[in-house]
Amino acid sequence: MSSNQSINNYKKQAPRNMHQDLSPPPYSNTDQRRDPNTGDPASSTEREGPTAVSHAHPSRAPARATAAVTAATLHLLPYHPPRPAPGVQIDESMLEDHTSFLRTVAAFRHYLNQATAARDMRQTNFLKLQKQHKNVLCIDLEEMFSKYSSCIKENSEFFECVCEASEELFLNYWPEGTLVEPHEVPMPSPLDMDKVFSTLRQFVRDWSSEGQTERECVYKPVLDFFESKFPSREERSEVRILIPGAGLCRLSVELAFRGFFAQANEFSYHMLIAGHYIQNHCVESRQHLIYPYCDNTCNLVNRQDQFAEVALPDFCAAEGLDDLHAKGLQFGELSMVAGDFTEVYAKAEQHRSWSAVATVFFIDTAHNIVEYLQIIYDLLLPGGYWVNCGPLLYHFADSTEDLSIELSLGEVLTVAQRIGFVVASAPKFVDTTYTNNQRSMKQLVYRCAFFVLQRPLE
């Protein structure tokens with residue numbers, strides 16, 4: 001197999017209303033590939049282009065020490081996308097998206113400063129203890145904070161790999177370059193940085209052995225449904241499945257490896273950049289070790305739990321392709337579309353073009369869930385399926401600035417049937433965590449509804 005072909009078929013551009021034709025499929029039935037927190041949702045009232053909240057339910061974490069984000073402390077981008085060639089016109093409406101993308105990369109690179117500031121604050125607090133209190137501690141402070149620093153450094157080096165791959169992604173989206181100058185990229189906001197920290201947990205959930213239990217709870221019912229409904233692998237390439245709110249894309253990858261045509265849709269640049277790296281730039285399983293809990297100092301059972309290491313990825317897509325081809329099995333097709341679900345998929349050209357829509361921890365990201373239901377119905381071919389698994393933790397419910405329509409599960413199903421759906425499989429309830437630290441004394445469990453609705457044959 002060639003080692004210079006991307007496994008994922010990303011859009012060439014990433015505006016908020018992105019709906020251009022896909023680039024040629026690089027990761028389909030050919031021997032080609034490229035080498036490549038749990039709890040309440042964070043505030044989602046800040047919506048700055050495609051970096052607003054995605055399908056993930058990050059934790060409303062305890063207050064984290066924050067470093068002053070200044071030009072002096074920010075780990076500035078070592079690359080900057082090229083300026084357009086002479087005579088090339090840049091769509092100025094895209095400059096806001098360029099800026100948001102580059103700000104997200106800057107946020108990943110600022111992880112080292114942010115995490116180190118929190119570490120230093122905690123060390124200072126211990127050093128302020130009176131001597132008699134220090135004497136009764138059972139902690140080797142020097143060893144503990146040295147380990148803390150080492151974990152931060154490892155995480156930062158992993159994010160550096162993610163950021164280096166983002167240059168390629170930027171040029172896939174906007175091959176003409178950008179008019180945005182480096183000094184015009186804003187400093188990462190506190191929300192940007194919260195998402196960086198939560199992205200570590202998202203990697204654990206989607207791309208580690210440690211996250212397998214969570215994935216089994218919510219992805220397996222979806223995968224089992226499609227495998228049982230379409231038992232002939234040879235025919236699955238004609239089954240087009242859309243996965244909105246795809247996050248780091250493990251579900252869409254799993255579907256493609258089972259032979260389906262899978263298209264992921266994601267709005268968050270944090271997820272798009274991170275997902276691009278883990279799918280397209282990892283060449284072997286367990287390529288990276290990260291320390292996703294090193295900044296969590298509450299609800300520890302044992303100190304070593306803070307410094308637990310997690311290997312990524314547990315499944316390498318590049319290796320998986322080799323295995324498929326060795327078995328004579330066909331890979332389906334995998335693509336990613338960046339943009340807001342309600343803008344990209346409400347287009348008339350999308351109507352009646354999908355065999356199925358799979359939503360996992362997604363429908364409660366809606367401002368108006370009725371709109372989501374109508375769009376999903378319109379997307380489906382007659383006889384097509386909507387498969388859902390997730391809670392109803394409406395992201396904008398507490399916002400005083402954003403529209404938020406909150407329906408009960410019963411009301412969601414009733415509205416869906418009034419739109420035209422029929423119930424193919426009544427709700428079953430699945431208890432699961434989300435980006436959970438299984439070692440923590442705090443465990444938050446969602447009771448997710450798994451159901452299947454169908455657009456009737458006409």
Side-chain angles (χ1 to χ4, degrees), residues 37-44 52-62 64 107-108 111 115 151 155 158-159 162 191-220 222 243 245-254 264 266-268 270-275 277-278 288-300 305-315 359-365 389-395 430-448:
N37 296 56
T38 76
D40 298 333
S43 171
S44 51
V53 66
S54 70
H55 81 292
H57 291 241
S59 65
R60 193 191 302 276
R64 180 185 292 121
F108 280 124
Y111 166 83
C151 292
N155 289 344
F158 171 66
F159 279 140
V162 173
L191 181 57
D192 290 330
M193 295 312 303
D194 279 345
K195 291 178 183 177
V196 168
F197 282 81
S198 67
T199 298
L200 283 174
R201 300 289 191 89
Q202 195 73 35
F203 274 116
V204 175
R205 171 182 169 80
D206 266 11
W207 292 100
S208 79
S209 296
E210 186 160 321
Q212 182 175 352
T213 299
E214 284 189 354
R215 295 197 303 271
E216 289 282 312
C217 287
V218 293
Y219 292 168
K220 189 174 185 298
V222 176
I243 306 95
L248 296 183
C249 295
R250 182 60 181 262
L251 179 58
S252 53
V253 168
E254 293 285 355
E266 181 53 57
F267 187 59
S268 164
H270 287 75
M271 293 293 100
L272 289 165
I273 291 168
Y277 178 76
I278 202 71
H288 295 281
L289 290 178
I290 64 169
Y291 300 85
Y293 314 117
C294 67
D295 64 301
N296 300 137
T297 55
C298 298
N299 289 306
L300 296 173
D305 295 343
Q306 181 180 356
F307 307 122
E309 67 180 27
V310 174
L312 302 175
D314 67 315
F315 171 73
T359 54
V360 177
F361 275 78
F362 173 71
I363 61 173
D364 52 4
T365 66
C389 192
L392 292 174
L393 183 63
Y394 292 102
H395 281 209
V430 179
D431 290 342
T432 185
T433 55
Y434 193 94
T435 61
N436 179 56
N437 178 0
Q438 60 192 24
R439 303 168 183 81
S440 174
M441 295 169 66
K442 178 184 177 181
Q443 301 289 317
L444 190 147
V445 176
Y446 293 97
R447 194 177 186 213
C448 297

**Asked** Quick check: does any side chain N or O of E266 sit under 3.5 Å from a backbone N or O of G247, one acting as donor and the other as acceptor?
**Response** yes

Parallel, tilted or perpendicular: ring planes of F158 versus H288, cut at 30 and 60 degrees
perpendicular

When every non-hydrogen atom of V360 is compared with those of L251, the smallest separation belongs to CG2-CD2, 3.8 Å

Looking only at heavy atoms, the pair that brings D364 and P391 closest together is OD2-O, 3.3 Å

Residue set satisfying salt bridge (charged side-chain N to carboxylate O under 4.0 Å, His left out) with E254, at least two apart, ordered chain then number -> R250, R258

Of all heavy-atom pairs linking S208 and A311, the shortest is CB-O, 3.6 Å

**Q.** Evaluation steps, side-chain contact (heavy atoms from CB on, under 4.5 Å), between F361 and T432
**A.** CA-CA 11 Å; F361 275 78; T432 185; 4.2 Å; yes

Do E214 and Y219 have side chains that get closer than 4.5 Å, going by heavy atoms?
no

Separation between NZ (K220) and CD (Q212), nearest 0.5 Å, reads 11.0 Å

* To do: Decide side-chain hydrogen bond (donor to acceptor under 3.5 Å, both in side chains) for N436 and Q443; before the verdict, give the C-alpha distance in whole Å, the side-chain angles of both, and the deciding distance to 0.1 Å.
  => CA-CA 7 Å; N436 179 56; Q443 301 289 317; 2.7 Å; yes

* Is there side-chain contact between T365 and Y394, with at least one heavy-atom pair below 4.5 Å? -> no

CZ (R201) and OG (S198) are apart, to the nearest 0.5 Å, by 9.0 Å

Evaluation steps, side-chain contact (heavy atoms from CB on, under 4.5 Å), between D305 and N437: CA-CA 9 Å; D305 295 343; N437 178 0; 5.9 Å; no

Q.
Taking the six-membered ring for Trp, are Y291 and F307 closer than 6.0 Å centroid to centroid?
A. no

Open item on the list: Check this for me, if you would: do E210 and R439 make a salt bridge, where the nitrogen-to-carboxylate-oxygen distance has to be below 4.0 angstrom?
Closed with: yes

Output for pair (Y277 OH, W207 CH2), nearest 0.5 Å, gives 12.5 Å

In short, I273 meets F108 closest at the heavy-atom pair CG2-CE1, 4.0 Å

When rounded to the nearest 0.5 Å, the distance separating CG of N299 from OG of S440 is 4.5 Å

For V218 and C448, the nearest pair of non-hydrogen atoms, with its separation, is CG1-SG, 4.4 Å

task = Determine, for Y434 and R215, whether the Lys NZ or Arg CZ falls below 6.0 Å from the six-membered ring centre while staying within 45 degrees of the axis.
result = no

By side-chain contact (heavy atoms from CB on, under 4.5 Å), T297 pairs with (sequence neighbours left out) R122, Q306

So do the side chains of M271 and L248 get within less than 4.5 Å of each other, counting heavy atoms only? yes

Please examine the side chains of V204 and Y293, heavy atoms only from C-beta on, and report whether any two atoms are closer than 4.5 Å. yes

Heavy-atom nearest pair, D192 first then H270, reads O-NE2, 3.1 Å

Output for pair (L200 CG, N155 CG), nearest 0.5 Å, gives 5.0 Å

### Query
Which is it for D431 and Y446 under the side-chain contact (heavy atoms from CB on, under 4.5 Å) test, yes or no, and what are the steps along the way?
CA-CA 6 Å; D431 290 342; Y446 293 97; over 6 Å; no

Sorted by chain and number, sequence neighbours left out, side-chain hydrogen bond (donor to acceptor under 3.5 Å, both in side chains) with E216 holds for none

**Request:** Walk me through it: do F315 and V253 pass the test side-chain contact (heavy atoms from CB on, under 4.5 Å)?
**Result:** CA-CA 10 Å; F315 171 73; V253 168; 4.2 Å; yes

